[in-house]
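Read the numbers this way: they start at 1 and go in the same order the structure lists the ligands and their atoms.
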Amino acid sequence: MAESLAVKLLFVGDVVGGIGRRTLAALLPGLRDRHRPDFVVVNGENAAGGVGITRKTARELLDLGADAITLGNHAYRHREVYDFLDQEPRIVRPANYPKGSPGRGHVVVEAGGRRLGVVNLSGQVYLEAVRSPFAEIDALLAELRGRADAVLVDMHAEATSEKVAMGWHVDGRALACVGTHTHIPTADARVLPGGTAYVTDVGMTGPRGGVIGVKREQALERFLTLTQVRFETSDEDPWLNAVLVEGDANGRALSIEQLLLPNGA
Ligand SMILES: [Fe+2]
Ligand SMILES: [Fe+2]
């Protein structure tokens, strides 16, 4: 089947609001031409108005060419998407959420004879999850053995320590373990010794002119006054943050490259 096929994967960090979706739409075609990825996976937990995802915004990301969408702590922000999470296998929410809750935590997507397992996990430091992401990924990797040629883990977590630990935990067992959630790209992308591409945080695809996506004057007012402030998505200085991972036919990573690109430059 996929015995001699190398794999190239583009993973796009948290797409934030309409400005993030427009940035993805503007830059993805060029990235496809230049890098020819076999798979494009997009974190969409902030795709709708900056928080959560809706049926419409999920469809938009899929129509733009996402092979799969991962989520995070904002997965259930919009009730209207719950049915869609159950119906659309290409969207995954954290696997270590309650078993009976809407959606699923992993999917296998296929392209050109390659099978990519995509797993979404939530950290437990400062975030809610009902099971340890470490035990969860062990169970899922066992389940995916023989069903996927390579596995991508999106570790959606706040604490850098928890993400680094997850990288080591899956090293040699996953093609890539990429962190999301903080919206700030970290400078530590590397291939771990066992052959897993790792980065603590991919960053976001959205407005760098705000505060992790929010209009900066609103975020500042909240910090300065501690009062309730309505948050809106910033419209300043959109960037696309992503990583490009190349793997061999055994699902081991050969390289990871960060792509930090302004929209419109
Ligand atoms: Fe996010
Ligand atoms: Fe998040």
Side-chain angles (χ1 to χ4, degrees), residues 10-24 40-54 57-58 60-61 64 66 68-78 81-82 85 91-98 101-103 105 118-131 133 136 152-164 166 177-186 199-216 218-219 222 231-243 258-260 263:
L10 180 70
F11 179 88
V12 179
D14 305 29
V15 172
V16 178
I19 190 171
R21 303 196 308 273
R22 288 190 293 277
T23 298
L24 184 66
V40 176
V41 179
V42 176
N43 185 298
E45 75 142 5
N46 304 97
V51 188
I53 192 162
T54 57
T57 47
E60 192 177 326
L61 297 180
L64 285 175
I69 298 171
T70 55
L71 297 171
N73 55 304
H74 297 306
Y76 297 147
R77 177 65 174 241
H78 301 287
V81 83
Y82 292 3
L85 296 181
I91 307 182
V92 293
R93 46 76 168 165
N96 52 336
Y97 274 13
S101 295
V118 178
V119 179
N120 194 196
L121 295 172
S122 170
Q124 290 186 301
V125 180
Y126 303 126
L127 290 176
E128 287 179 314
V130 293
R131 292 181 301 281
E136 194 74 22
L152 164 71
V153 178
D154 173 354
M155 175 63 173
H156 196 81
E158 183 77 45
T160 51
S161 57
E162 199 177 16
K163 293 195 257 193
V164 171
M166 182 58 72
C177 177
V178 296
T180 56
H181 174 69
T182 73
H183 294 192
I184 303 298
T186 54
V199 65
T200 297
D201 208 296
V202 177
M204 73 171 164
T205 293
R208 207 179 57 167
V211 175
I212 64 169
V214 171
K215 281 186 177 170
R216 62 174 179 267
Q218 294 172 347
R222 170 97 178 106
F231 283 173
E232 295 163 308
T233 303
S234 166
D235 54 11
E236 289 182 55
D237 194 19
W239 282 57
L240 179 143
N241 291 176
V243 290
Q258 284 183 293
L259 304 172
L260 308 175
N263 184 11

Passing option when Asp201 is tested against Thr180, Thr182, Thr186 for side-chain hydrogen bond (donor to acceptor under 3.5 Å, both in side chains):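 Of the listed options, the one satisfying the test is Thr182.
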Measure up the His156 and His181 rings against each other and bin them: parallel (under 30°), tilted (30 to 60°), perpendicular (over 60°).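 Plane angle over 60°, so perpendicular.
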Can you tell me how far CG of Asn241 sits from CZ of Phe11, rounded to the nearest 0.5 angstrom?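 The CG atom of Asn241 is 11.5 Å from CZ of Phe11, to the nearest 0.5 Å.
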Spatial distance of atom CD1 (Ile19) from atom CH2 (Trp239) [nearest 0.5 Å]: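 Output value for this atom pair is 13.5 Å.
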Looking at Arg131, I'd like to know if its CZ atom is crowded, meaning that more than 12 non-hydrogen atoms belonging to other residues, nucleotides or ligands lie closer than 6.0 Å.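 It does: Arg131 CZ has more than 12 such atoms within range.
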Assess the side chains of Glu162 and Gln124: does a donor N or O sit below 3.5 Å from an acceptor N or O?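 No pair is found: no donor N or O on one side chain lies under 3.5 Å from an acceptor on the other.
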If we only look closer than 2.8 Å, how many protein N, O or S atoms does the Fe ion (ligand 1) have near it?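 The number of such protein atoms is 4.
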